[in-house]
Engineer: 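Got a structure here, written out as structure tokens. Questions coming.
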Amino acid sequence: MDKFKDLPDSDGFFGDYGGKFVPETLMYALQELEDTYSKLKDNNEFFANVDKDLKQFVGRPSPLYFAKRLTKYHGGPKIWLKREDLNHTGAHKINNTVGQILLAKAMGKKRIIAETGAGQHGVATAAVAARLGLECHIYMGANDIQRQSLNVYRIKLLGATVHAVKSGAAILKDALNEALRDWVTNIEDTYYIIGSVTGPHPYPMIVRDFNAVVGRELKEQSIELFNKFPDAIIACVGGGSNAMGVFYPFLEEDVKLVGVEAAGSGIKTGKHAAPLNDGKPGVLHGAKSYLMQNDEGQVIDTQSISAGLDYPGVGPEHSHLKDSRRATYIAVDDVEVLKAFHNVTRLEGIMPALESAHAFAALEHLVKDFSKNANLVVNVSGRGDKDINIVATMGGISLD
Amino acid sequence: MESLLIRLELKLNTLKANARKALVAYLVAGDPDLESTLELMHGFVSAGVDVIEVGVPFTDPIAEGPIIQSAHDRSLKKKITLKKIILLVEEFRKKDSNTPIILMGYLNTFLAYAEELNNIHNRGVDALLIVDIPGESNLNEVGIYNKSIASISLVSPTTSLSRVDGICKSSSGFIYYVTLRGVTGSEDLDIKDAKQNIENIRTKTILPIMAGFGIKTSKDAAYLSEVSDGVVIGSSLVEMIHRASDKKDYKYIYNYLNEISEAINK
Ligand SMILES: Cc1ncc(COP(=O)(O)O)c(C=O)c1O
């Protein structure tokens, strides 16, 4: 078997998952992207530019922080936080957009499009497009526009156009459909910055590679701060980009990897967004992967308190890591997530995004498996400012 | 494969022998309901349609513009499944054993019924057109093991000539040339490129080549049929069916198809 780190194969497969399942018109654009990326991949100057932007524009490296009071609260292993919430624009999403916008530039594309759920990827895309003076269009589900209104305004301030998508349940999945349709229509001058390790090959690989800076930093920081690699790394999984970014450099190491999906109202209710826990393999948005679908092969509606995890599919590499048992995937429900959000906020003075709060909520289930000497790292994928309205509403408080 | 490709091949060969162009018509199964779809299919044939493409609805049809998307949604609301669509085809065959039928849709819905698909050639289906599989793949590579069914692939204006060869080799029935850069039903029909691109495809295959996506008027149909072996009409029919769906009076649709049939065979 191929080593995990050597995947995907040349057809874009991670084991059984991945591939390029797209309308014919897009095949040429995917090939063009693949060719450009494989050329630039070994180009030191290109990556020197990416690194420079990550340092000066994003503010990397992000710290590894010891969560003393949270550790005490759980009464088990030492808990460390990888602080992606401190990145410019507030989440890990910017790691990917900083890289992809340079690909777009190298390919001479004049127009940038992206989908967004929580709005973090929309903000991160609009920010890098603004910086290069490129026209930018963000597709967002009409429901997400409501629940993440703060980010919508930020995207507009950054000069991008927000397109409300009303089809389907009007959430992330539907925004992706519409972004793909835009791309099919404007294929020649448009670059599509996908926001997670989803979509057709080569996107899952490219988005992972640009986010892998998180895992590489963590390798150095863990050696520096506790002299070895972590015993476990915990990250939330929507499409799976923050998780894949922090997991990837550790795939061949003896480190437990835990992905946390959104159980929404509870796995048993069927109202959730946890394809790896309660879905089966299928094809959506260009890739084969675990998918929430009914017996007729129709994609079913998802539910989660966090717009960024409210997606019926998942990146194909995660499906492969699940089947081969290299990573474990659990799910936590909305109630657990809110509790964890408040807990971390009060104990550590850090307000995580609701997506990231899923990783914190998982600690409750995981700490018992580790000794006090163990080191657990939670990837704090983003900050919670965007979610204040939701948290207030859930607490019965009106901010108007 | 040969013997079972008979209906589609025979139809297209006969048309060619008579120097006629094919009229291929698309509708979405179950929009507005299955009885109407059946009635429309027979009506299409009487109006001069040679081949019928039956759209299989999917929740996330990324290659479709708003018109066909909405039709998929309406069909799903009626709980139309691939299973019911195959029954519909069997029903159609009771009165029509000549008109080839193609099921057109997205891979995930076909995979959900992979086993059922094994014998659909015996139940009246002649070909599959799966919009979201790479043209070079054979059906069995994507998990559909029926060897007796034609697999129709799309070639678009952006397809590189180097890929056309591989696509044609793994296709049967005909090649579907996409006449625009965009989703179904778009306005920017790309007539200029079509001629050259179709000529290029011809250097790679002896299969007939149909042109489709965005064709609405008999004028466009007439022009495109000159450079191809026939035309596919989709979105404009789906829209007309929807507009007529309360009274279910489809006569004006048949007149429209009649006009196109005449225009491409002047
Ligand atoms: C803060 C944050 N974390 C996580 C996610 C989920 O995406 P992924 O699973 O690709 O990391 C999002 C998506 O919007 C997000 O904004």
Side-chain angles (χ1 to χ4, degrees), chain A residues 11-13 16 19-32 35 165-169 173-190 199-201 280-289 291-302 311-313, chain B residues 56-66 69-70 72-73 75-76 79-85 105-114 130-137 141-143 153-160 162-164 167 175-178 180-184 186-188 213:
Chain A
D11 293 326
F13 278 88
D16 289 338
K20 282 183 186 170
F21 296 96
V22 293
E24 177 55 32
T25 308
L26 291 181
M27 290 297 283
Y28 133 92
L30 294 174
Q31 193 60 51
E32 187 186 22
D35 293 346
V165 178
K166 299 197 179 76
S167 58
K173 168 186 82 110
D174 313 294
L176 240 147
N177 287 340
E178 223 35 54
L180 282 167
R181 289 181 187 120
D182 178 315
W183 202 28
V184 173
T185 309
N186 301 293
I187 192 85
E188 264 122 17
D189 70 338
T190 296
H201 179 65
K280 55 182 192 230
V283 175
L284 179 70
H285 295 148
K288 184 166 183 203
S289 197
L291 176 63
M292 290 183 49
Q293 55 179 321
N294 66 16
D295 291 341
E296 277 93 47
Q298 304 296 349
V299 179
I300 54 185
D301 285 347
T302 51
Y311 181 66
Chain B
V56 179
F58 182 47
T59 39
D60 300 270
I62 52 175
E64 317 298 347
Q69 269 178 63
S70 308
H72 279 232
D73 285 346
S75 168
L76 287 172
K79 305 217 177 321
I80 304 304
T81 61
L82 187 51
K83 205 176 193 131
K84 290 181 188 169
I85 294 171
Y106 291 78
L107 181 57
N108 203 54
T109 28
F110 289 111
L111 288 181
Y113 285 90
I130 305 178
V131 183
D132 55 349
I133 60 176
E136 297 92 336
S137 355
E141 284 165 359
V142 299
S153 301
L154 301 164
V155 172
S156 89
T158 62
T159 306
S160 63
S162 62
R163 285 189 51 241
V164 170
I167 295 174
I175 297 291
Y176 190 142
Y177 177 74
V178 177
L180 52 74
R181 292 165 170 76
V183 291
T184 50
S186 305
E187 296 298 330
D188 30 12
F213 270 45

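In what follows, chains are A, B, ... by sequence order, proteins preceding strands, each numbered from 1. These numbers come from a predicted model, not from an experiment.
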Engineer: Can you say whether B/Leu107 sits under 4.5 Å from chain A via the side chain, the backbone, both, or neither, judging by heavy atoms?
Structural biologist: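 Contact with chain A is through the side chain of B/Leu107 alone.
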Engineer: Under 4.5 Å from any heavy atom of chain A, what part of B/Tyr113 do you find: side chain, backbone, both or neither?
Structural biologist: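 Interface part for B/Tyr113: side chain.
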Engineer: Tell me, for A/Asn177 versus chain B, whether the close heavy atoms (under 4.5 Å) come from the side chain, the backbone, both or neither.
Structural biologist: both
Engineer: Between B/Ser160 and chain A, which part of the residue has a heavy atom less than 4.5 Å away: side chain, backbone, both or neither?
Structural biologist: neither
Engineer: I need the B/Leu111 CG to A/Gln293 CD distance, nearest 0.5 Å.
Structural biologist: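 Here the rounded value is 8.5 Å.
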Engineer: With a 4.5 Å cut-off on heavy-atom pairs, point out which of B/Val178, B/Leu154, B/Val142, B/Leu82 contacts chain A the most.
Structural biologist: B/Leu154
Engineer: Other residues, nucleotides and ligands only: do more than 12 of their heavy atoms fall within 6.0 Å of CG on A/Asp189?
Structural biologist: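 Counting neighbours around CG of A/Asp189, more than 12 heavy atoms of other residues, nucleotides or ligands fall under 6.0 Å, so yes.
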Engineer: Counting only heavy atoms closer than 4.5 Å, note whether B/Pro61 contacts chain A via side chain, backbone, both or neither.
Structural biologist: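 Both backbone and side chain.
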Engineer: To the nearest 0.5 Å, what is the distance between CD (A/Gln298) and OG1 (B/Thr109)?
Structural biologist: 6.0 Å
Engineer: Any chance you could measure A/Leu284, atom CG, to B/Thr59, atom OG1, to the nearest 0.5 Å?
Structural biologist: 7.0 Å
Engineer: Measuring heavy-atom distances to chain A, does B/Val155 have an atom under 4.5 Å in its side chain, in its backbone, in both, or in neither?
Structural biologist: backbone
Engineer: Checking B/Ile130 against chain A: side chain, backbone, both or neither under 4.5 Å from a heavy atom?
Structural biologist: neither
Engineer: Which bit of A/Glu178 comes within less than 4.5 Å of chain B, counting heavy atoms only: side chain, backbone, both or neither?
Structural biologist: side chain
Engineer: Non-hydrogen atoms of chain B under 4.5 Å away: do they reach the side chain of A/Ile300, the backbone, both or neither?
Structural biologist: neither
Engineer: Report the distance from atom CD1 of B/Ile62 to atom CH2 of A/Trp183, rounding to the nearest 0.5 Å.
Structural biologist: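 Separation between the atoms: 10.5 Å.
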Engineer: Taking every non-hydrogen pair under 4.5 Å, which of B/Leu76, B/Asn108, B/Thr81 racks up the most with chain A?
Structural biologist: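 So the answer, after comparing B/Leu76, B/Asn108, B/Thr81, is B/Asn108.
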Engineer: Top residue by heavy-atom pair count (under 4.5 Å) with chain A, among B/Asp60, B/Val183, B/Ile133?
Structural biologist: B/Asp60
Engineer: Nearest 0.5 Å please: distance from the CD atom of A/Glu24 over to the OH atom of B/Tyr177.
Structural biologist: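 Reported value, rounded in 0.5 Å steps: 11.0 Å.
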Engineer: Checking heavy atoms, do the side chain of B/Glu64, its backbone, both or neither come under 4.5 Å from chain A?
Structural biologist: backbone
Engineer: Would you say B/Thr158 and A/Glu188 make side-chain contact, with heavy atoms under 4.5 Å?
Structural biologist: yes
Engineer: Of all heavy-atom pairs between A/Gly297 and B/Phe58, which one has the smallest distance, and what is that distance?
Structural biologist: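 In this case the closest contact between A/Gly297 and B/Phe58 is O-CE1, 3.4 Å.
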Engineer: By a 4.5 Å heavy-atom criterion (distance strictly below it), what part of A/Val299 contacts chain B: side chain, backbone, both, or neither?
Structural biologist: both
Engineer: Return the option, out of A/Lys280, A/Lys20, A/Arg181, with the maximum number of heavy-atom pairs under 4.5 Å with chain B.
Structural biologist: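 Ranked by contacts with chain B, first place is A/Arg181.
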